[in-house]
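Written below as structure tokens is the structure these notes are about.
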Amino acid sequence: MQIHTTLQTISELKKNRFPEIDRFPKHFVEDRFPIEVKNSYTIQKEFSVKGVSTLENQPSTIRVKPFSGAFSKFSHSQKTLELKPEFCIKGNHNIQLGDVKIIEHPIALMSAFGLYLDFDLEKSSFPTFDFCDQVYLDGIANNLRVIGEVPPITVAKPFVMSWEKGYCILEPDEGNLKLILDHQVSYPGSTVGNSRITTELTPEIFSYIASARTTAFRPGEEADKFYQIGLAGGLKDYPFTLENVILLNEERIFNPREKFAHEGKNYEFLAHELIDILAWIRFVEEEYKGRFFGKMTTFLFDHHKQIDIAQFVCNRKEFSEIGIRTL
């Protein structure tokens with residue numbers, strides 16, 4: 001990975017982005033949660049969610065508990081780790097904290113809502129839920145408690161972290177306390193193809209897109225085979241079903257959900273992409289004890305790259321030349 005701070009480099013990357021931009025339809029909002037971005041929150045009482053652990057393919061219960069320390073925590077098998085990127089491991093394609101795997105979905109919710117939570121897992125990997133983060137939204141409904149006000153924070157100056165393929169640009173807030181995501185992906189075929197979406201990420205928008213499923217892209221006839229497996233009840237050794245993933249190939253979405261359809265386009269794929277790329281910002285907010293605002297521009301920004309940038313930004317000494325500032 002490389003770090004660049006010159007405005008020319010950032011401008012050149014932006015200039016080469018796909019010109020056609022998607023935006024969510026105006027009705028992609030849900031306002032049932034009284035979230036104020038100036039506050040941090042936890043829950044009043046513990047709740048549990050049940051599912052099938054993704055990597056072990058076994059029934060599992062996750063206890064979601066009120067925040068109880070300086071950092072949110074994840075526990076499994078009597079071992080507890082604070083939500084710090086220094087504990088992250090690059091294993092399978094996910095954000096892994098110590099032994100706890102696939103934390104990206106719950107921490108994306110935490111970032112969107114300013115939530116501090118503790119998680120206790122029966123198995124080491126989170127389940128791939130049929131409605132992604134919706135299970136947590138149901139648990140926090142009428143169950144939120146304000147911890148207190150937190151300062152708005154942003155990067156002190158623009159920078160880009162780039163890899164052989166892909167990059168993430170962070171730019172300071174423009175004075176309006178908004179988190180703007182500009183994300184693009186490139187897939188073969190026309191189902192997704194070269195897609196780019198820009199949105200302000202608010203609690204109301206996140207509440208609507210929180211149920212967007214994990215993507216299973218399979219080329220050509222391989223997707224047809226997976227579809228038949230799904231119709232037959234799913235894979236033997238992996239909890240894949242036609243309910244917990246969105247299955248697509250170059251030309252077709254096999255199991256679209258009407259909720260994400262609008263005027264001939266289905267936005268579920270892009271919605272889940274935003275859940276995934278938002279997740280790492282939670283590390284920054286926990287480290288600097290604030291609510292992040294600014295603009296994030298990304299391309300081919302997978303979970304391992306998110307671990308890279310989280311470790312860089314949260315290393316106060318290494319990041320000091322760029323810096324975080326309070327608004």
Side-chain angles (χ1 to χ4, degrees), residues 16-22 24 52-57 90-96 101-102 104-105 108 125-132 162-168 181-198 209 211-279 298-308:
N16 292 321
R17 290 176 71 77
F18 306 143
E20 185 175 337
I21 301 175
D22 289 314
F24 287 137
V52 179
S53 60
T54 302
L55 300 180
E56 297 89 352
N57 194 22
K90 293 180 180 179
N92 290 322
H93 180 60
N94 71 97
I95 299 180
Q96 179 176 338
K101 307 169 184 72
I102 317 180
E104 54 267 18
H105 301 156
S125 62
F126 277 88
T128 302
F129 291 111
D130 290 356
F131 295 91
C132 196
S162 64
W163 297 264
E164 182 181 355
K165 294 182 179 180
Y167 55 81
C168 176
L181 305 184
D182 183 343
H183 180 58
Q184 72 176 29
V185 295
S186 184
Y187 277 75
S190 60
T191 308
V192 176
N194 294 332
S195 294
R196 177 182 174 190
I197 187 162
T198 298
I209 69 172
S211 61
R213 293 167 290 177
T214 295
T215 299
F217 183 92
R218 295 293 182 270
E221 294 182 358
E222 186 178 341
D224 289 283
K225 294 177 181 177
F226 266 76
Y227 184 59
Q228 295 304 318
I229 290 171
L231 291 176
L235 294 171
K236 178 181 178 182
D237 299 319
Y238 183 83
F240 154 78
T241 73
L242 294 176
E243 294 301 318
N244 65 11
V245 302
I246 176 173
L247 175 64
L248 64 157
N249 64 9
E250 297 88 342
E251 306 301 331
R252 175 188 174 192
I253 298 176
F254 287 79
N255 54 340
R257 280 187 176 157
E258 184 64 27
K259 173 182 177 177
F260 294 98
H262 182 71
E263 296 183 350
K265 183 175 180 67
N266 193 290
Y267 292 87
E268 187 173 11
F269 177 95
L270 290 173
H272 189 84
E273 284 281 309
L274 295 186
I275 294 173
D276 280 349
I277 67 162
L278 173 67
T298 50
F299 180 49
L300 298 178
F301 189 45
D302 65 29
H303 292 311
H304 289 181
K305 294 181 177 68
Q306 291 159 37
I307 291 172
D308 286 339

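Since the structure is predicted, the reported quantities are computational estimates derived from the model, not experimental observations.
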I'd like to know if the side chain of [X] and the backbone of [Y] have a donor-acceptor N/O pair within less than 3.5 Å.
| X | Y | value |
| --- | --- | --- |
| T191 | I253 | no |
| E104 | H303 | no |
| R213 | V245 | yes |
| E250 | G220 | yes |

Just to verify, what does K165 make a salt bridge (Lys or Arg N to Asp or Glu O under 4.0 Å) with, not counting sequence neighbours? none
Who passes salt bridge (Lys or Arg N to Asp or Glu O under 4.0 Å) against E251, sequence neighbours left out? none
Roughly how far, to the nearest 0.5 Å, is [atom2] of [Y] from [atom1] of [X]?
| X | Y | atom1 | atom2 | answer |
| --- | --- | --- | --- | --- |
| I209 | Y267 | CD1 | OH | 13.0 Å |
| N255 | I246 | CG | CD1 | 6.5 Å |
| I95 | H105 | CD1 | NE2 | 9.0 Å |
| H183 | L300 | NE2 | CG | 8.0 Å |
| T298 | E273 | OG1 | CD | 8.5 Å |
| Q306 | H304 | CD | NE2 | 10.0 Å |

S125 and E56 side chains, donor-acceptor separation under 3.5 Å: yes
If you compare all heavy atoms of [X] against all heavy atoms of [Y], which two are closest, and at what distance to 0.1 Å?
| X | Y | result |
| --- | --- | --- |
| A223 | L248 | CB-O, 4.2 Å |
| A212 | A271 | CB-CB, 3.7 Å |
| N94 | I102 | OD1-N, 2.8 Å |
| N244 | F129 | CB-O, 3.8 Å |
| T215 | H272 | N-CD2, 4.4 Å |
| F260 | S211 | CZ-OG, 3.6 Å |

Would you call the rings of Y167 and F299 parallel, tilted or perpendicular if under 30° counts as parallel and over 60° as perpendicular? tilted
Classify the ring geometry of Y227 against F254: parallel below 30°, tilted from 30° to 60°, perpendicular beyond 60°. tilted
Are any of the side-chain nitrogens in R17 or D182 under 4.0 Å away from the carboxylate oxygens of its partner? yes
Cation-pi check for F18 against R196: NZ or CZ below 6.0 Å from the six-membered ring centre and within 45 degrees of the axis, yes or no? no
Does the cation-pi check pass for R257 over F131, that is, NZ or CZ under 6.0 Å from the six-membered ring centre and within 45° of its axis? yes
Taking the side chain as C-beta and beyond, is there a heavy-atom pair between [X] and [Y] under 4.5 Å?
| X | Y | result |
| --- | --- | --- |
| P239 | N57 | yes |
| C132 | I275 | yes |
| P188 | F217 | yes |
| V185 | F301 | no |
| S186 | N194 | yes |

Partners meeting side chain to side chain donor-acceptor pair (under 3.5 Å) with D308 (sequence neighbours left out): K90, W163
Applying the side-chain contact (heavy atoms from CB on, under 4.5 Å) test to L247, which of I229, L242, T241 qualifies? L242
Name the one of T128, N92, T214 that satisfies side-chain hydrogen bond (donor to acceptor under 3.5 Å, both in side chains) with T54? T128
